[in-house]
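Worth knowing before you read on, the calculation uses all heavy atoms, side chains too, and leaves out hydrogens, waters and symmetry mates. Residues take their numbers from the sequence shown, with the count starting at 1.
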Amino acid sequence: MSQDLYRSITDFAQTTPHWVHVFAEIGTDAGLLVFGVLFVVAWWRVRPAGSRAMALAALAPVATAFGYVVSETLKSLIDEERPCRAVAGAVASIAECPPYGDWSFPSNHAAIAGASAMALALAWRRIAWLTMPLAVVMAFSRVFVGVHYPHDVAAGLVVGALAVLLFVRLLTGPTQRLVETMRTSRSGAATWLAGAGPAVAPSGDLEAHTVPRQHGTPTERRAGRRAERREAAHRRVS
């Protein structure tokens, strides 16, 4: 079934204009660059946010790298030949067929795309409308240019996304604590990388306290509650 779908997609690809072929060939790598830019933007935008938000943004590119490692490990264990060599009667692939030994299952490009999309969705939920479709288009392009079966890219997307979910679930807590430590460090580089976090007003100045009680780290929330109690006591005395 996957071979039949592969033939149908590659047959259709041959009927499209040349510029579509060029776009499809460079589209996957260009998409990875887009994800790279979004990682930086996601990190920058949460510098004033709580430590958990910064932890998720910091983990996003690392979790994506983990997704690639998982995919590459599976690829080395499952020696599936590329369809551009294995499928009889298929049209010539648009992209150059990778050399023998560069196996087909799962697609590393699709795994990186799926991992990037999931990692960014966890760190920046509002961007999921862009990252998820982009990952699917990038994965499809690998079949379109003839170097992967449909099941290769489907598996790659799933493997990458699941690897990120596991990685983030296990490491968010430790990374959050690391962010909190870096934000109180005397090292300028550490505090710059971790961001300033939510602003906390001086004691007693509730109007300027910018960390809502329901947000921030446990330490920040406790500081907010102490400030509220001091203010209430001051009001009673006066």
Side-chain angles (χ1 to χ4, degrees), residues 1-41 60-121 127 130-164 167:
M1 181 177 178
S2 191
Q3 289 191 7
D4 293 338
L5 185 55
Y6 170 82
R7 289 193 190 92
S8 298
I9 293 172
T10 52
D11 286 346
F12 168 73
Q14 292 295 336
T15 67
T16 58
H18 178 70
W19 66 266
V20 177
H21 299 182
V22 175
F23 181 80
E25 282 196 78
I26 67 174
T28 304
D29 293 332
L32 297 180
L33 291 177
V34 171
F35 280 131
V37 171
L38 290 175
F39 285 142
V40 175
V41 174
V62 185
T64 298
F66 176 71
Y68 165 76
V69 170
V70 173
S71 175
E72 180 62 26
T73 301
L74 290 174
K75 185 186 288 284
S76 66
L77 297 175
I78 306 172
D79 300 345
E80 180 187 74
E81 186 56 273
R82 294 276 181 166
C84 40
R85 272 191 296 272
V87 178
V91 296
S93 59
I94 293 173
E96 181 180 357
C97 195
Y100 180 80
D102 186 349
W103 307 115
S104 191
F105 182 91
S107 165
N108 281 343
H109 280 86
I112 295 172
S116 299
M118 179 59 71
L120 283 165
I127 206 67
L130 172 62
T131 61
M132 295 300 183
L134 178 59
V136 172
V137 170
M138 290 169 59
F140 175 78
S141 72
R142 304 304 289 166
V143 183
F144 187 88
V145 299
V147 295
H148 277 291
Y149 292 104
H151 67 262
D152 294 338
V153 299
L157 288 172
V158 173
V159 166
L162 291 180
V164 163
F167 190 88

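Judged by distance alone, with hydrogens and angles left aside, the side-chain atoms of Ser71 form no donor-acceptor pair with the main-chain N or O of Gly67 at under 3.5 Å. At least one donor-acceptor pair closer than 3.5 Å links the side chain of His21 to the backbone N or O of Ala13. A donor-acceptor pair under 3.5 Å links the side-chain atoms of His148 to the main chain of Ser104, judged by distance alone. Remark: the backbone N or O of Gly146 is paired with a side-chain donor or acceptor of Tyr6 at under 3.5 angstrom.
Taking the side chain as every heavy atom from C-beta outward, Cys84 and Pro98 approach each other to under 4.5 Å. Here the side chains of His109 and Val153 are not in contact, with every heavy-atom distance at 4.5 Å or above. In this structure, the side chains of Thr64 and Phe39 come closer than 4.5 Å at one or more pairs of heavy atoms. In this structure, Leu38 and Leu130 have side chains that are in contact, with non-hydrogen atoms separated by less than 4.5 Å.
Here the shortest heavy-atom pairing between Leu134 and Gly31 reads CD2-O, 4.4 Å. Of all heavy-atom pairs between Val147 and Glu96, the closest is CG1-O, 3.9 Å. Residues Met132 and Ala121 come closest through the heavy atom pair CE-CB, 3.8 Å. Smallest separation of non-hydrogen atoms from Leu120 and Phe35: CD1-CD2, 3.5 Å. The heavy-atom pair separating Thr73 from Ser76 by the smallest distance is O-OG, 2.7 Å. Considering all non-hydrogen atoms of both residues, Ala139 and Ala110 come closest at CB-CB, 3.9 Å.
Taking CG from Asp152 and OG from Ser2, the interatomic distance works out to 6.5 Å, rounded to the nearest 0.5 Å. Summarising the geometry, atom CD1 belonging to Ile9 is positioned 11.0 Å from atom CG belonging to Asp4; distances are rounded to the nearest 0.5 Å. A distance of 7.0 Å separates SG in Cys97 from CD in Glu81, rounded to the nearest 0.5 Å. Distance check: Lys75 NZ to Asn108 CG gives 4.5 Å after rounding to the nearest 0.5 Å. Note that the CE atom of Met138 and the CG atom of Leu157 stand 9.5 Å from one another [nearest 0.5 Å]. Within the model, atoms CD1 of Ile94 and CD of Gln14 stand 5.0 Å from one another, a figure rounded to the nearest 0.5 Å.
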task = Please report the C-alpha distance between Trp103 and Ile78 in whole Å, then the side-chain angles of each, then the deciding distance to 0.1 Å, and finally whether the side-chain contact (heavy atoms from CB on, under 4.5 Å) criterion is met.
result = CA-CA 8 Å; Trp103 307 115; Ile78 306 172; over 6 Å; no
Candidate pair Phe144 and Thr16, rule side-chain contact (heavy atoms from CB on, under 4.5 Å), full reasoning = CA-CA 11 Å; Phe144 187 88; Thr16 58; 3.6 Å; yes
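Within a 6.0 Å sphere centred on CD of Glu72, other residues, nucleotides and ligands contribute more than 12 heavy atoms.
Note on ring orientation: taking the six-membered ring where Trp is involved, the planes of His151 and Phe105 are tilted (angle from 30° to 60°).
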